[in-house]
Amino acid sequence: VLWGKYFETALRSIDSIPIPPSTVIGNPKLELHLSRLQTEQNTKNKSAEKTILFASTPDTAFSGDGNVKALRLFAGVVSRLEQWQTIYKLHPGEDLENYRSLMRNGLIEPGQVVKDVSVHDLISTADVVVGTQTTVLPEAIALGKPAIQLLPDLWQADWAQYGLVTASSEEELLRELHHILELQAYSEAVLEKEGQLSEAMFGKIEGTSARVADYLMEMLEG
């Protein structure tokens, strides 16, 4: 049982082992978060201050130091942008080790870094989400928030081919942040283009729970 056709394509590319039949259903968790987000938007007044969410990812032996490079690139840019609020969301398996030197240099304030908060709650308050190779990016798009991937050449994901905005330098990141946060038409166009990625990853969000129920009933009756 798969979230979307992106994973179905990945499975079909494997020829070293037998692959069982698969069914694309969608992501019921995202349907729940989207429903909550839509309810909150109808009942809460949106703050006039724009918010940038950085979804942090720890480095591994496989990734090298790519995530640290991305963090430093991001912090170097947003530390100069006092007109917008920035939140750093630590990965559950990450500590402050990569952040301490940036805090000492004044590029990150301790109060900007959070860990024990749901990333989906943070997405709901953000105007744009930035990260590297994390499913938080396509999830943010599915929840109606534009996303930016940093240093795309360092990652295996082909998400840029599905419309995901990328930035490999301070100049590119600064330009994309300004355009997305200050130009509504540009932000809407980015989100529409990036929708290709979220649909490939998660299918149609609305109606997922019903499809799951129908699939289970078919299995039980079969």
Side-chain angles (χ1 to χ4, degrees), residues 1-14 22-38 41 51-57 62-63 66-67 70-71 73-74 87 89 91 118-169 172-173 175-181 183-209 211-212:
V1 177
L2 306 174
W3 285 344
K5 290 188 177 297
Y6 185 92
F7 303 101
E8 186 177 50
T9 301
L11 279 178
R12 289 177 176 175
S13 69
I14 299 174
S22 60
T23 299
V24 172
I25 290 182
N27 188 318
K29 178 184 70 173
L30 284 180
E31 183 182 31
L32 176 61
H33 288 305
L34 181 60
S35 177
R36 289 176 176 172
L37 177 59
Q38 291 170 340
Q41 288 176 337
T51 299
I52 306 168
L53 173 63
F54 181 82
S56 187
T57 304
F62 180 76
S63 66
N67 287 294
L71 171 62
L73 167 65
F74 177 81
I87 299 174
K89 171 63 173 75
H91 186 275
S118 166
V119 69
H120 296 100
D121 289 343
L122 295 174
I123 290 173
S124 71
T125 64
D127 294 281
V128 61
V129 180
V130 184
T132 55
Q133 187 170 247
T134 168
T135 54
V136 171
L137 298 184
E139 287 184 359
I141 298 166
L143 297 176
K145 304 303 174 78
I148 302 174
Q149 184 185 48
L150 299 178
L151 307 180
D153 292 340
L154 297 182
W155 320 115
Q156 296 294 320
D158 57 353
W159 295 347
Q161 298 179 24
Y162 291 83
L164 181 62
V165 170
T166 64
S168 298
S169 66
E172 290 178 354
L173 177 58
R175 180 178 66 248
E176 292 298 339
L177 287 174
H178 268 291
H179 287 175
I180 290 174
L181 294 175
L183 303 175
Q184 183 175 352
Y186 184 86
S187 178
E188 292 174 352
V190 164
L191 189 57
E192 182 177 359
K193 184 177 181 181
E194 292 185 332
Q196 301 174 71
L197 176 60
S198 65
E199 184 168 345
M201 295 280 286
F202 309 121
K204 295 291 186 182
I205 302 301
E206 294 84 354
T208 297
S209 297
R211 290 193 296 273
V212 171

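Sequence positions, counted from 1, serve as the residue numbers for this chain. Since we're looking at a predicted model, the values are computed, not measured.
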Practice prompt. Please identify each residue that fulfils salt bridge (Lys or Arg N to Asp or Glu O under 4.0 Å) with E194, with sequence neighbours left out.
Written response: none
Fill in: Residues which pass side-chain contact (heavy atoms from CB on, under 4.5 Å) with S35, listed by chain and number, not counting sequence neighbours
none
Practice prompt. Apply ring pair (Phe, Tyr, Trp, His ring centres under 6.0 Å) to W3 and list each qualifying residue two or more places apart in sequence or on a separate chain.
Written response: F7, F202
Worksheet, complete the sentence: Hits for ring pair (Phe, Tyr, Trp, His ring centres under 6.0 Å) against H91, two or more places apart or cross-chain, chain-then-number order -> none
Fill in: E188: salt bridge (Lys or Arg N to Asp or Glu O under 4.0 Å) partners, not counting sequence neighbours
none
Practice prompt. Return the minimal non-hydrogen interatomic distance between A147 and V165, and the atom names on each side.
Written response: O-CB, 3.7 Å
Practice prompt. Could you pull out all residues at least two apart from H33 that satisfy side chain to side chain donor-acceptor pair (under 3.5 Å)?
Written response: H120
Worksheet entry | E8: side-chain contact (heavy atoms from CB on, under 4.5 Å) partners, not counting sequence neighbours | L2, K5, R12, S22, V24
Practice prompt. Return the minimal non-hydrogen interatomic distance between Q149 and T132, and the atom names on each side.
Written response: NE2-O, 3.0 Å
Fill in: Contacts of L73 that satisfy side-chain contact (heavy atoms from CB on, under 4.5 Å) - sequence neighbours left out
L150, L151, E170
Worksheet item: Among all residues two or more places apart in sequence or in another chain, which pass the side chain to side chain donor-acceptor pair (under 3.5 Å) test with T208?
Response: R211
Practice prompt. Apply side chain to side chain donor-acceptor pair (under 3.5 Å) to E199 and list each qualifying residue two or more places apart in sequence or on a separate chain.
Written response: none
Worksheet item: Looking at L143 and L30, what are the two nearest heavy atoms and their distance?
Response: CD2-O, 3.9 Å
Discussion item. Could you work out, with side-chain contact (heavy atoms from CB on, under 4.5 Å) as the rule, every residue matching E172, not counting sequence neighbours?
Written reply: A167, S168, S169, R175
Worksheet entry | side chain to side chain donor-acceptor pair (under 3.5 Å) partners of D158, counting only residues at least two apart | Y6
